[in-house]
Student: 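My questions all concern the structure below.
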Amino acid sequence: MSTSLEISFKMSDNKTKTLRINNPLADPTREKIEPVMEEILALNAYGDDKVSMAAIKGAKVRDTAVIFEA
């Protein structure tokens with residue numbers, strides 16, 4: 001089983017940008033994650049001249065069972 005943390009941002013064009021962090025720290029909470037997301041938002045880390053990061057959308061932990069890898 002593989003665990004990842006997905007953090008999502010609303011972009012100025014109303015699309016969503018999701019960043020996936022593999023093997024996150026144990027016990028992720030809103031109190032731990034939201035300040036980091038606010039920093040990423042303030043940096044406009046994934047924006048460009050036409051589209052910018054507009055707002056925090058959410059975060060979730062996803063467990064994935066790997067069946068096989070080539």
Side-chain angles (χ1 to χ4, degrees):
M1 180 97 39
S2 174
T3 301
S4 62
L5 171 65
E6 294 181 352
I7 55 176
S8 300
F9 298 88
K10 181 178 178 183
M11 303 300 284
S12 60
D13 62 357
N14 288 323
K15 293 184 180 179
T16 299
K17 176 69 176 176
T18 301
L19 307 176
R20 182 176 296 124
I21 300 159
N22 293 324
N23 304 312
L25 296 174
D27 189 34
T29 63
R30 183 176 188 157
E31 292 76 22
K32 292 177 185 176
I33 298 167
E34 195 167 28
V36 175
M37 292 180 73
E38 288 171 354
E39 286 186 42
I40 293 169
L41 182 65
L43 290 170
N44 193 31
Y46 288 91
D48 58 28
D49 293 338
K50 297 177 184 174
V51 180
S52 61
M53 299 177 89
I56 292 173
K57 190 167 182 181
K60 62 177 103 172
V61 173
R62 187 174 300 263
D63 291 323
T64 306
V66 178
I67 306 301
F68 70 93
E69 293 180 332

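The chain is numbered in sequence order, starting from 1.
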Student: Calculate, to the nearest 0.5 Å, the distance between atoms CD1 and CD belonging to Ile7 and Glu34 respectively.
Tutor: 11.5 Å
Student: Distance check, rounded to the nearest 0.5 Å: Lys57 atom NZ versus Met11 atom CE?
Tutor: 11.5 Å
Student: When the side chains of residues 18-28 are checked against the rest of the protein, which donor-acceptor pairs come out under 3.5 Å, sequence neighbours left out?
Tutor:
{"residue": "Thr18", "atom": "OG1", "partner": "Ser8", "partner atom": "OG", "Å": "3.1"}
{"residue": "Arg20", "atom": "NE", "partner": "Glu6", "partner atom": "OE2", "Å": "3.2"}
{"residue": "Arg20", "atom": "NH2", "partner": "Glu6", "partner atom": "OE2", "Å": "3.1"}

Student: If you look only at pairs with a residue in residues 41-53, which of them pass as a salt bridge (charged side-chain N to carboxylate O under 4.0 Å, His left out), with sequence neighbours excluded?
Tutor: none
Student: Could I get the full list of side chain to side chain contact (heavy atoms under 4.5 Å, CB included) partners for Asn14, not counting sequence neighbours?
Tutor: Lys10
Student: Can you tell me how far CE of Met53 sits from OH of Tyr46, rounded to the nearest 0.5 angstrom?
Tutor: 8.0 Å
Student: Between atom CD1 of Ile56 and atom CZ of Phe9, what is the distance when rounded to the nearest 0.5 Å?
Tutor: 6.0 Å
Student: Between the side chain of Ser12 and the main-chain N/O of Ser52, is any donor-acceptor distance below 3.5 Å?
Tutor: yes
Student: Taking all heavy atoms of Glu69 and all of Val66, pick out the closest pair and write down the distance.
Tutor: CG-CG1, 3.6 Å
Student: Could you check whether atom NZ of Lys60 has more than 12 heavy atoms from other residues, nucleotides or ligands sitting under 6.0 Å from it?
Tutor: no
